[in-house]
Structure formats: structure tokens, C-alpha cells
Student: 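If you scroll down you'll find the structure; I have some questions about it.
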Amino acid sequence: MLCVVPAAKAQNASPAAQTASPAAPNASPAAPNASPAAQNGVTSDAGTADRAGETASSGAATPPLELPLDGSEGRELLLREFRPRSLLKVPETAIERARFWTVDIHTHFFYRQRHNRQALEDFVDLMDRNRIAVCCSLDGKLGSQLDEHLAFLWKDHRDRFAVFANIDWQGDGQEDRPETWACQRPGFAQRTAEALARAKQRGISGVKVFKRFGLGYRDAAGELLRVDDPRWDPIWQACGELDLPVLIHTADPLAFFQPIDKTNERWEELSRHPDWSFYNDQPEDDFPTREALFEARNRVIERHPNTRFIAAHMASSGEDLSKLARWLDRYPNLYVDPSSRINELGRQPYTARDFLIRYADRVLFGTDGPWPEVRVRYYWRFFETRDEYFPYSEKAFPPQGLWRIYGVHLPEDVLRKIYRDNAARLIPGIAERLKAVEGETDF
């Protein structure tokens, strides 16, 4: 049996849309704008145009049966259809809650829930079941969003949620005209510092900086804002003076800065999200290198030793913990969180375990949630068990790398520091909330 795919669509497909498995070099993928049938390996009527003359001349000819590229009966397999079932038989540890009451310092209750009251109540129930005492929501954009977010989270659950403010680079400017943005006006950094001081009086616990700072926001000339631009120094200085840690997301995994080709280990993920790529392969691209972003961030950290910086997602260097170790050794005011990176840590369990034990005082637990309960419990399994080869996500197809992970079985004293004590020591308002939830006073 043959699987017929339109040659024209195969030739015109973009690299990110070509989803044939490497084991199936002759499979022709559907083009980016193909119909759902074509995207699943089944051709549309348009794909039989080259046979139209044959059909017309016979008057009764029937096109060949077209079958999906599903790997069955000797057919080729599309990578997006690959669903391997592990045959490995190893012990599995069912963990339904964390060893200790924990603090999740990296969550997004506005961007993931959009102030849905029932969703919030459901997640508070999940927090209770899993021993999550406090979540830090990082979505308090200065202005009306901060007001709304505080009101939403603190109406019934002030003891369970801390809030980080966000810098409003745009202000009342037009989104598509960066020259009109607030950050282009004289005195922006000082006004932001004053706004943070007022927000601190209202009870915020830190400042979150998103990765578009350095990779998305632009100045009046159309250039990307520089992370280490001295214009922003009054903001970072104020954060130190106000005792507000800065949780900063800079750059992304290394694969996102490499060509989307057969050698890219995150090819499948980037084929679904080509907009996540920061590789300069288009004439209009002007992304800085990943190393340049790291160096700019590190210069800011070095210039402001009295400000605590928490580098999100293992400082975007989860693939190279030796590099991250060098940064932690050099900058005593730098900390990290493992949110959305147990996929990276769990595929290198020996190296990750050594790292987490050595830097137990510098790692603060985070998930990047709120996530479904299945994924939350994978975090407990990763940190607490010696389990082998288990998923890191509830999704059927691994969303951040085609692999499974292994547990690192951390000692209890290390777990306690990462899960809660470091956050209670470094983030204002956390120790008081932990005490309110569990009645402890010794941190």
C-alpha cells in the first residue's frame, strides 16, 4: 500500500512544518497551511491534480487509497504521531504531597487563570492537598493590573499568596510604536522606583522581569532594549533599598538559539512554536546572542551587590550546570529557581543532585504554574525519590524535550532549604505566611 503526499506541498513546506521522523527520510510532510487531513498525512483533493488527466480519460478511475503516516502496517511515521510506551519495569513511588510545606516562588495566576475565581479556589484546594503553603504570583504589573491582582488574590487568601510587581515599560504608549513608550521618557527609572516604593507599602514581595526585556521590548530607534543599560540602574538600586528581590528571566534554552534542523534536540517543540526561536535566520532578525544576554544580566547583578537577583528557570542554563555554578560562585547575590526545568535537571540526575546539594542555599522552589495536579506531583517525585525514567509533564507528548527524567532523592535538610527556608529568608512576607499556614516560627 502506498501513502500518497502532494509533491508540491512537500517542496514548499517550511523546515518547522516538516514533521517527518528522522527514521522516515522519504516521508513528505504537509505544508504549514495544509488542511487538517493533509497535516495528518492524508492528501486533499488538490493533491491529486497531477492525476486529473488519467482520471478524466478513463472516466471511472479511482485515486489510490491514501493512508495516514501513522507507522502502522509498515507505513512511515510522522514525528508528531510518535507515542512510545515504555516497556521498562522499575519501582514507582506514588507521592501525593511534598515532604514539607513548600513555597512556590514562580507562578502566574493572572496570565494562566485570568482572574477566574473558581479556578483560584480549585487551586487553593490543590495547594492544601499537596502541602503548598504559599505561592508567589509574578503577575502584578504596576498600575491597574496590580490593583486588580491584589484584590483578586487577597480577597480570601492573603495568607496563601505573595505578589511580585512588574515594570510597565510601555505605560500609556502605543504597543506598535515603541518611541511612545513610557521607558523612552526622561525620569522613567526614577518614577518606576517611586512606584515600587508605593507598591512595597501595599505589601508586594518582589519584582518580576520578563524575558521580553532584552528579546522583545524596543527603544525609539527600533533597537532592542539592553538589559544592562545604565538608564535602568535606579530601578535595580531601589529594589535593593526596598528589600525587593528581582526575579529575572533572561534568554532561554540553548536549543532556542540554534538552527531548527535535524540536529536540534528541541526540534519538535520548536516546530510547534517557531516563534520561540531566537536564531537569526531571517533578514529582519536582530536577536542578541544568548551569551551576550547572559553577560548583560551578569553585569547588572555585579553592579548591584545589595540587590538579590533570582534567575528564573535555572538562569536559562539548565543544560550546563557547570556554567551556572561559576556564576553562583562569582555573584553572592544571585539565586535560581527550577521552574519548568525539571525536564533539564531530571535527565542529568547525578550532576543535578550534586549541584542542588552544593548550592542548597541558593535554590528556591518554583514550578511556573499553576499546573494540573499531575505535573505538580512530578516535582515532588523528582526532588524526593530515586525513581527512574518517568514523565515530567502530564501531556501525552513531552512538551520540552523528547525524553523522560530521573529523581534526585535529595537529603531532607536540602529539601527543606529549597522547598521553603530559602524563600522565607529571602522574600519579604513569606515567613509570616508560612507561620500563618502551619504555625512554625523557626526558619
Side-chain angles (χ1 to χ4, degrees), residues 108-112 114-115 137-150 163-200 202 204 206-242 244-252 256 275-278 280 282-290 292-301 303-304 307 309-312 316:
H108 296 282
F109 279 86
F110 175 76
Y111 293 111
R112 296 200 189 280
R114 296 293 174 176
H115 289 173
S137 181
L138 309 181
D139 299 345
K141 185 176 180 180
L142 289 170
S144 61
Q145 183 173 305
L146 175 60
D147 298 337
E148 295 166 5
H149 204 49
L150 293 175
V163 175
F164 279 43
N166 313 143
I167 299 168
D168 185 3
W169 304 96
Q170 179 178 337
D172 59 1
Q174 300 178 39
E175 184 173 2
D176 59 347
R177 295 184 58 202
E179 69 273 14
T180 68
W181 285 22
C183 64
Q184 310 301 339
R185 302 168 193 163
F188 168 77
Q190 187 57 45
R191 289 192 298 275
T192 298
E194 293 167 358
L196 289 173
R198 293 191 294 272
K200 173 65 183 291
R202 299 182 61 191
I204 69 161
V207 175
K208 170 61 170 28
V209 180
F210 292 90
K211 74 176 178 183
R212 290 185 66 193
F213 181 53
L215 281 171
Y217 304 137
R218 295 184 179 272
D219 63 18
E223 301 292 329
L224 289 164
L225 295 186
R226 287 176 30 229
V227 173
D228 62 342
D229 192 321
R231 287 184 295 170
W232 324 131
D233 280 348
I235 298 175
W236 318 131
Q237 180 178 341
C239 289
E241 294 169 351
L242 294 168
L244 293 175
V246 178
L247 202 161
I248 184 168
H249 181 169
T250 305
D252 253 342
F256 289 14
D275 55 310
W276 292 0
S277 172
F278 299 108
N280 291 309
Q282 300 297 324
E284 66 273 16
D285 289 344
D286 62 348
F287 300 117
T289 66
R290 187 164 172 264
L293 289 167
F294 288 157
E295 290 168 3
R297 177 200 61 199
N298 292 348
R299 282 193 289 270
V300 172
I301 294 170
R303 284 206 303 257
H304 300 278
T307 302
F309 291 87
I310 305 169
S316 293

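Because the structure is a prediction, the values reported are computed rather than measured.
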Student: With a 4.5 Å heavy-atom cut-off, do Cys183 and Asp168 have their side chains touching?
Tutor: no
Student: Under the side chain to side chain contact (heavy atoms under 4.5 Å, CB included) rule, collect the residues that match up with Ala197, sequence neighbours excluded.
Tutor: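 Scan of Ala197 (side chain to side chain contact (heavy atoms under 4.5 Å, CB included), adjacent residues dropped) gives Leu242.
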Student: Which pair of heavy atoms, one from Gly214 and one from Leu224, lies closest together, and at what distance?
Tutor: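 So the two residues come closest at O-CD1, 3.9 Å.
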Student: Given Phe188 and Ile167, is the side chain to side chain contact (heavy atoms under 4.5 Å, CB included) satisfied, shown in steps?
Tutor: CA-CA 10 Å; Phe188 168 77; Ile167 299 168; 3.8 Å; yes
Student: Which heavy atom of Ile204 sits nearest a heavy atom of Ala165, and at what distance?
Tutor: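 Closest heavy-atom pair between Ile204 and Ala165: CD1-CB, 3.6 Å.
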Student: I'd like to check the side chain to side chain contact (heavy atoms under 4.5 Å, CB included) partners of Gln174; sequence neighbours left out, ordered by chain and number.
Tutor: Asp176, Arg177, Thr180
Student: Listed by chain and number, what are the side chain to side chain donor-acceptor pair (under 3.5 Å) partners of Ser137, not counting sequence neighbours?
Tutor: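 Checked Ser137 against side chain to side chain donor-acceptor pair (under 3.5 Å); matches are His149.
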Student: Please list, chain by chain and in numerical order, all residues satisfying side chain to side chain contact (heavy atoms under 4.5 Å, CB included) with Asn298, sequence neighbours excluded.
Tutor: Ile301, Trp327, Tyr331
Student: Apply side chain to side chain contact (heavy atoms under 4.5 Å, CB included) to Asp285 and list each qualifying residue two or more places apart in sequence or on a separate chain.
Tutor: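 Partners of Asp285 under the side chain to side chain contact (heavy atoms under 4.5 Å, CB included) test: Asn280, Asp281, Gln282, Phe287.
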Student: Check this for me, if you would: do Arg202 and Asp147 make a salt bridge, where the nitrogen-to-carboxylate-oxygen distance has to be below 4.0 angstrom?
Tutor: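 Here Arg202 pairs with Asp147 in a salt bridge, since their nearest N and O are under 4.0 Å apart.
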Student: How far does CH2 of Trp181 sit from CH2 of Trp169, to the nearest 0.5 angstrom?
Tutor: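 It comes to 10.0 Å.
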Student: Without swapping roles, check the side chain of Thr250 against the backbone of Phe294 for a donor-acceptor pair under 3.5 Å.
Tutor: no
Student: Under the rule for ring pair (Phe, Tyr, Trp, His ring centres under 6.0 Å), what residues qualify as partners of Phe109, not counting sequence neighbours?
Tutor: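 Ring pair (Phe, Tyr, Trp, His ring centres under 6.0 Å) list for Phe109, sorted by chain: Phe123, Phe161.
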Student: Quick one: which residue pairs count as a side chain to side chain donor-acceptor pair (under 3.5 Å) with a foot in residues 230-239, not counting sequence neighbours?
Tutor: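 Checked against side chain to side chain donor-acceptor pair (under 3.5 Å) - neighbours excluded - the pairs reaching residues 230-239 are Asp229-Arg231, Asp233-Arg303, Asp233-His304, Gln237-Glu241.
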Student: Taking the side chain as every heavy atom from C-beta outward, state whether Asn166 and Leu146 have any pair of such atoms under 4.5 Å apart.
Tutor: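 Result no, sub-4.5 Å side-chain heavy-atom pair not found.
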Student: Determine whether Tyr111 and Leu138 make a side-chain contact, defined as any pair of heavy atoms from C-beta on separated by less than 4.5 Å.
Tutor: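 Counting from C-beta outward, Tyr111 and Leu138 never come under 4.5 Å.
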Student: Between Cys239 and Thr307, which heavy-atom pair has the shortest distance, and what is it?
Tutor: CB-CG2, 4.0 Å
Student: Once rounded to the nearest 0.5 Å, what's the spacing between atom CZ of Arg198 and atom CG of Leu196?
Tutor: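 Arg198 atom CZ to Leu196 atom CG measures 9.0 Å (nearest 0.5 Å).
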Student: Is there any side chain to side chain donor-acceptor pair (under 3.5 Å) pair reaching into residues 184-194, and which pairs are they, with sequence neighbours excluded?
Tutor: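 Pairs touching residues 184-194 that pass the test: Asp172-Arg185.
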Student: Can you find a heavy atom in the side chain of Val209 that is under 4.5 Å from one in the side chain of Phe309?
Tutor: no
Student: Where do Gln145 and Phe110 come nearest, in terms of heavy atoms and distance?
Tutor: OE1-CE2, 3.6 Å
Student: Not counting sequence neighbours, which residues clear salt bridge (charged side-chain N to carboxylate O under 4.0 Å, His left out) with Asp228? List them please.
Tutor: Arg226, Arg299
Student: What I'd like to find out is whether the side chain of His249 reaches to under 4.5 Å of the side chain of Phe210, using heavy atoms alone.
Tutor: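 When only atoms from C-beta onward are counted, Phe210 and His249 do not touch, as no gap falls below 4.5 Å.
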Student: Indicate yes or no: at least one non-hydrogen side-chain atom of Val246 is less than 4.5 angstrom from one of Val300.
Tutor: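 Val246 does not reach Val300 side chain to side chain.
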Student: Once side chain to side chain donor-acceptor pair (under 3.5 Å) is applied, what residue pairs with a partner in residues 207-225 remain, sequence neighbours excluded?
Tutor: Lys211-Asp252, Arg218-Asp286
